[in-house]
Each structure stands twice: as structure tokens, then as C-alpha cells.
Amino acid sequence: MSDAPITAPVPVELHDTLSGKKCPLQTIAPGKVGMYCCGPTVYDLTHVGNARAALVPDVIVRFLRHEGYQVKYVRNITDIDDKIIARSREAGVPASELADRYADEYHRDMEALNILPPDVEPRVQDHIPQIIALVATLVDKGLAYAVDGDVYYRVAAFKGYGKLSKRHLEEMLEGAGSRIDVDERKESPLDFALWKAAKPGEPSWDSPWGAGRPGWHIECSAMSSTHLGDSFDIHGGGRDLVFPHHENEIAQSQGAHGEDTFARYWVHNGFINFAGEKMSKSLGNFFTTREITALYPPESLRYFLLTVHYRSGLNFEVEVPCPACGALLGKSEQESGVCEACGAHTESDVLRRRVRFPGLEEADDRLAYIYRTLRQARAFLAAAKKPGGEEPVTEHIAGMLPAFVSHMRNDFNTGGALGALSKPLAEANSLLASGKGVGKAARYLSLERFETDMAQVAEVLGCFGQDPDQWLQQRRDMKAARTGLDIDQVEALVRKRQEARAAKDWAAADAIRDELAALGVAVMDGPEGSVWDFK
RNA sequence: GGCGGCAUAGCCAAGAGGCUAAGGCGACGGUCUGCAAAACCGUUAUCCCCGGUUCGAGUCCGGGUGCCGCCUCCA
């Protein structure tokens, strides 16, 4: 026990859908991680669920890198499929043009949320030869068959089928066909398309089975093996992809490359609900990422999504106030646009822009508290002189990073990790308020440690990394826009109150404060004058 | 019907056998302040029900109840 590390390295543990258990991460190559995530099908703007599905792997990748792993992260773009074709028809735009456009929009949303680009972002249209080769392999192995230019996977020939989603062939067969018409040409209703024969006017590529295009699941099998090899470490996606998408990927990839290949761990994120309901078309429970980042700072959305464990569902509370009288509108009122309290009618797009998300607002406030603390800590460090002596860093700040990391090692528990910041944050604020009870050196060194460790946390979470002044300014402006607050009016009142205070006219000063309070604004008096913020 | 998940304080939410059950919001009390606000300190739960395993269980097993998801496109 001389030069050896005192403790064995603590492994990262992650929950694996295939085994149903949490297990230590053991990578194929030591110190390296290959990770594939199902990216978007680009036919429309992303919704918040898409954002979460991209955010979860982003944080996983960031953390694994922080842990010292060399990560190759691949996230695809599906740029050819039924929905894209349907949309392109409606819009009268070529499919690939529509796909390019929404891929750009997707990147814009990801960037706003500080989601790092993947190392490789393969597109289906660029992998047609690999897809055709994979389909051909499956046909050769007797795992697929061609009918009239279509190629189907012969599910019954792959004995592991159902192992990811814990389903049995017989049970699935019972249910099959009851909800959707069965294609009589298929050997079994469970067989799924690997290659679809082209219909007139559809984009297509030549293949051994005639002109056609890839089926839905084959692209991920082809692209993951192209960029990560036949076997890699982690495969991720939304919960709903477990069946059929990932189940089919396993059948395709293992069918072609062998049963001992493909992903070692399967990571699936939970769903987002609005007002307790799964997203659907109605007003109160479907929001694009962009609608929300127009109302709140994107980082507030990011922070909010990280407050809950990635495997859990996450609910956005939704409040839709009547623009005329402020009464909260119920579901039917939201749909009709008519307020029962005052009778006012409001168009739905106006209503959508006034929606409030209380949970998100709480996250927004919390983030503001963190940025204010960071701002003050930096101001203190810039103004103070670094002391010569050594004194131990205060307890909670010293323990912050280890606690944060240990939560993250526990299946990327961002909720717990965020909780571990609270005591250190309070301690930092306490040190900033006064140096009472601690030595000068301890005060400085603790705040310095707080600042540097928070930078590491920021790197992993992708939060708290912006310039505090800029972020707080952005937040204030967005909140003013959201609530319809006139900032000029507020600042005029604050100035007027300043004069009253200078004259020690407390009654007048307090009256103005009440006026500001009525606008939803709080003033804070400090030694260097008064500042204001939202209550 | 099949498969899977969840049920922790007023609300949100960590916690996967054992020190006083994280944290946030809210509420209440206090410090600070001209008074406030912000900030800080303190108070605020025995974990859906029943049975079992164990020296010991939110934490494991069985049963029940209640939510939710997937089984069809879906993050």
C-alpha cells in the first residue's frame, strides 16, 4: 500500500434495459466508450421530448469524458422515411430539401440547449450502400426474404427476438393483426420491412430487389456498425423505442454479425408529459422546444430537465391564464378559447404564448440564484488578494465535487447531483456575506475552490457555464417580455425611490416600493444603491 | 389481455438492507435592514395497504390497491 491508489477506482454504474439491472460499466476497450443514440427523424420542429432524448446522452457523454473516458458518440439523423415523404408532399418540397431544413432547425435547438454535437452524425441517405449490404447479408443468412421488391425480416428465424422488450413471439402473434391490417404477402404479421419497394414519385435507390428505400429500423443497424463497429458499449434512445425499433435493431445486427455482438448496455430515457398527459395535439400538452425557449432561457429548460432522473417521467405543469381577466382556463376553455369567468375569446396562438410552466419557473429562479452566487464569488475573488497562508476549505464546499461525482456515477443521477450543490451554495453565500467565524485564508480559498469546482460541474451538466451577468440580463428581459412588464417604467420608479431614500423620506420610498410590488417587482437596497428583480 | 414502470412531507424530488430518510418550492420563526427584499440560520415526513425474509427494510420477496407507459407512428 505504498504508491498504489488508496482506493480502487469507483466504476460508473448504469441501468441496462436488456438485463433490467444496474451494472458497472465495463467497456469493450479499457478507457474507451462507443455510444450510439437514435437521433431525430427530421420532418418537423423538435418538441421537448426530442430535446430530452438528446440531452440525456449529452450529459452521459460529458460525464464519461469527465471520468476520463475517451468517448466516440454517434447520433444519427433519419432523413428519409414515410413521415418525411408525406410532409414533403403536403409542402410541395422535395423530401431531401425538407429533411435538410428540419435538420438545420434541429441543430439550432440543440445549440440553444448547449447540447454538444455528436462526434459523428450520420445520415441515412449517405449510408444506402451499407444498408443494402446489410439487408443482403440478412437475406443470405435466411433471416430475410424478398417479396415484390420489398424485403422483410423473418422474425421467427431469430431466436432472441423479444429479449429487449421482454415479449414472447406467441403472445405478440395473438395481438398482431387485431389493430392493423396484415399484409398477406408477409410470412408472419410480425415480420418487418428492411427495404421498401418504391412507389411512384417517392425517392428511391437502386438495389438488388429493385428501386426502393430503407425500412425504418435498418438504418440504425447499418450506421452504428459503420461508425462504431459491430459491437459497441452503449445504445440509447427514448423508452418508446424499446419496441419495436431497438428490438428490431438487435434482430438485424445480431442476425448479421452474431449473437455476441452489438450494444452491451441499453439506456432509455423516460417521457415528458404536459399537465399530466402524454404529448398530443391539443393546446395544453404539446410544445415545441422553440416555443418554450422563446419564453424562458434555454438553460432554464435544460436545468429543469436535469432536476429529474433521466429514466423517470417528467411532468410540465401547465397554466393557461385568460389574457383578459387572468383566470386560469380549464381544458375545454383552452380548446374553445372562451373564458368562462369573463367571456373573453382568445385565439389559440395567443394563448400558447402566454402559457406558464410553474415547474420550469421554479427551475429558472433556482438557476438565477446559482448565477448570482457565482457572480458574487467571482467579484469577491477579483477584488480580494490571495492570502499567503494555507487554511482548510470549508466543509460543504470541500465535499461538493466528490458528492456530485458520486451521484453522477450512480446511473447519471442528475437530480441527486444537483441536490448536492445546495449546501455548498449556501455556504458560499454565507462566506460572501461575511467572513465571520472563518479565517481570511479559509474564506478566500473556499470561495476559490467553489468557483473552480463549479466550473467542473458546469462542464458536466452544461449548466452554469455562461457569463452570469449576461445570463441574468437575458433572464430578466425574457421574464419582462413574458409578464408584459415595462422595464423603463420600473427603472424610473426605482430612481424616484432612490431620491426619496436619499432624503430619508421613508414614507414616500415605501409607497413607491408598494407600487413596484404591484408590478411584481422587488427592490433590494444595498450599500451601493438599489437593484430590482422579479419577486 | 400481455409486458414494463411508478407510489417518499402541502407540492416537486433524491434515496436500491444498517449513522439523525438529500435537496428544491411553499409555510413558519430568527439574523441582517430605516422598514423591507436578497442572503444566511432554524423548524416542517417514518416512506400506499397487508403479509414475509432478516439482528435490522422506503430499500429484498409475495399479495392487494392506485396511477402511468409500451404492445400501431411516436423521444
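Remember, it's a predicted structure, so these values are computed and weren't measured experimentally. Just so we're on the same page: letters track the sequence lines, and every chain starts at 1. All values below come from the heavy atoms of this structure, side chains included, with hydrogens, waters and symmetry mates left out.
Residues that satisfy the side chain to side chain donor-acceptor pair (under 3.5 Å) test with A:T17, not counting sequence neighbours, are A:H268. Shown here are the salt bridge (charged side-chain N to carboxylate O under 4.0 Å, His left out) partners of A:E317, two or more places apart in sequence or in another chain: there are none. Remark: A:D58 engages A:R62, A:R302 in a salt bridge (charged side-chain N to carboxylate O under 4.0 Å, His left out) (not counting sequence neighbours). A:D505 meets the salt bridge (charged side-chain N to carboxylate O under 4.0 Å, His left out) test with no other residue; sequence neighbours excluded.
With a 3.5 Å ceiling on both atom-pair distances, the Watson-Crick or G-U wobble partner of B:U31 is B:A39. For B:A7, the paired nucleotide is B:U65, the pair qualifying as Watson-Crick or G-U wobble because both relevant distances are below 3.5 Å. Figure legend. B:G17 is base-paired to no nucleotide; pairs are counted as Watson-Crick or G-U wobble with both atom distances under 3.5 Å. Pairing for B:G1 is with B:C71, a Watson-Crick or G-U wobble pair whose two hydrogen-bonding atom distances lie under 3.5 Å. Base pairing annotation: B:G23 forms a Watson-Crick or G-U wobble pair with B:C12, both donor-acceptor distances under 3.5 Å. For B:C60, the paired base is B:G52 (Watson-Crick or G-U wobble, both distances below 3.5 Å). When Watson-Crick and G-U wobble pairs are counted only if both distances are under 3.5 Å, B:C47 pairs with no nucleotide at all.
Counting any heavy atom pair closer than 4.0 Å across all strands shown, A:L421 reaches no nucleic acid atom. Across all strands, A:R366 comes closer than 4.0 Å only to sugar-phosphate atoms, never to a base (heavy-atom distances). Here A:S165 lies in heavy-atom contact (under 4.0 Å) with sugar-phosphate atoms only. Across all strands, A:G238 comes closer than 4.0 Å only to sugar-phosphate atoms, never to a base (heavy-atom distances).
Using C1' as the reference atom, B:G24 and B:A36 are 24 Å apart when rounded to the nearest Å.
A salt bridge links A:K196 with A:D82: the closest approach of a Lys/Arg side-chain nitrogen to an acidic carboxylate oxygen falls below 4.0 angstrom. Salt-bridge formation is not detected for the pair A:R476/A:D533: no Lys NZ or Arg NE/NH1/NH2 atom is positioned less than 4.0 Å from an Asp or Glu carboxylate oxygen.
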Item to check | Where protein sits on nucleotides 7-15 of chain B, one letter per nucleotide: B base, S sugar-phosphate only, - none, heavy atoms under 4.0 Å | outcome: ------SSS
Checklist entry - Which parts of nucleotides 39-45 of chain B does protein reach within less than 4.0 Å, heavy atoms only, written one letter per nucleotide 5' to 3' as B for base, S for sugar-phosphate only and - for none? => result SSS----
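Residues of residues 502-521 of chain A that place a heavy atom closer than 4.0 Å to RNA chain B, in numerical order, are A:W506, A:D510, A:R513.
Annotated as syn: B:G58, whose glycosidic dihedral is within 90° of 0.
Each of A:D525 and A:K21 was matched to the nucleotide of RNA chain B holding its nearest heavy atom; the match closer to the 5' end belongs to A:K21. Where A:R501 and A:I272 each meet RNA chain B at their nearest nucleotide, the meeting point lying more 5' is that of A:R501.
Residue pairs that meet the salt bridge (Lys or Arg N to Asp or Glu O under 4.0 Å) test with at least one member in residues 511-525 of chain A, sequence neighbours left out, are A:R497-A:D525, A:R501-A:D525, A:D510-A:R513. Applying the salt bridge (Lys or Arg N to Asp or Glu O under 4.0 Å) test to every pair with at least one member in residues 409-420 of chain A, sequence neighbours left out, gives these pairs: A:E67-A:R409, A:R311-A:D411. The stretch residues 237-247 of chain A participates, sequence neighbours left out, in no salt bridge (Lys or Arg N to Asp or Glu O under 4.0 Å) pair at all.
Whole-Å rounding puts the A:N248 CG to B:U72 P distance at 11 Å. One interatomic measurement links the two molecules: CG of A:D109 to P of B:A75, which rounds to 14 Å at whole-angstrom precision. Remark: P of B:G5 and CZ of A:R311 are 9 Å apart, rounded to the nearest angstrom. Put simply, CZ on A:F404 is 17 Å from P on B:G23, counting in whole angstrom units. For A:F286 and B:A75, the CZ to C1' distance is 11 Å, given to the nearest whole Å. To the nearest angstrom, P of B:A22 lies 15 Å from CD of A:E395. The distance from atom CG of A:L169 to atom P of B:G2 is 18 Å, rounded to the nearest whole Å.
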Please set out all donor-acceptor pairs under 3.5 angstrom arising from side-chain atoms of residues 394-403 of chain A, sequence neighbours excluded.
unit_1 : atom_1 : unit_2 : atom_2 : d
A:T394 : OG1    : A:E427 : OE1    : 2.8
A:T394 : OG1    : A:S446 : OG     : 3.4

With a 3.5 Å cut-off and sequence neighbours excluded, list the donor-acceptor pairs that the side chains of residues 416-424 of chain A form with protein atoms.
unit_1 : atom_1 : unit_2 : atom_2 : d
A:S422 : OG     : A:R366 : NH2    : 3.0

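A cation-pi contact links A:R482 to A:Y296, judged by a cut-off of 6.0 Å to the six-membered ring centre and 45° from its axis.
Nearest nucleotide to the side chain of A:R497, out of B:G34, B:C70, B:A37: B:G34.
Residues A:F287 and A:F357 place their aromatic rings such that the two centres sit under 6.0 Å apart.
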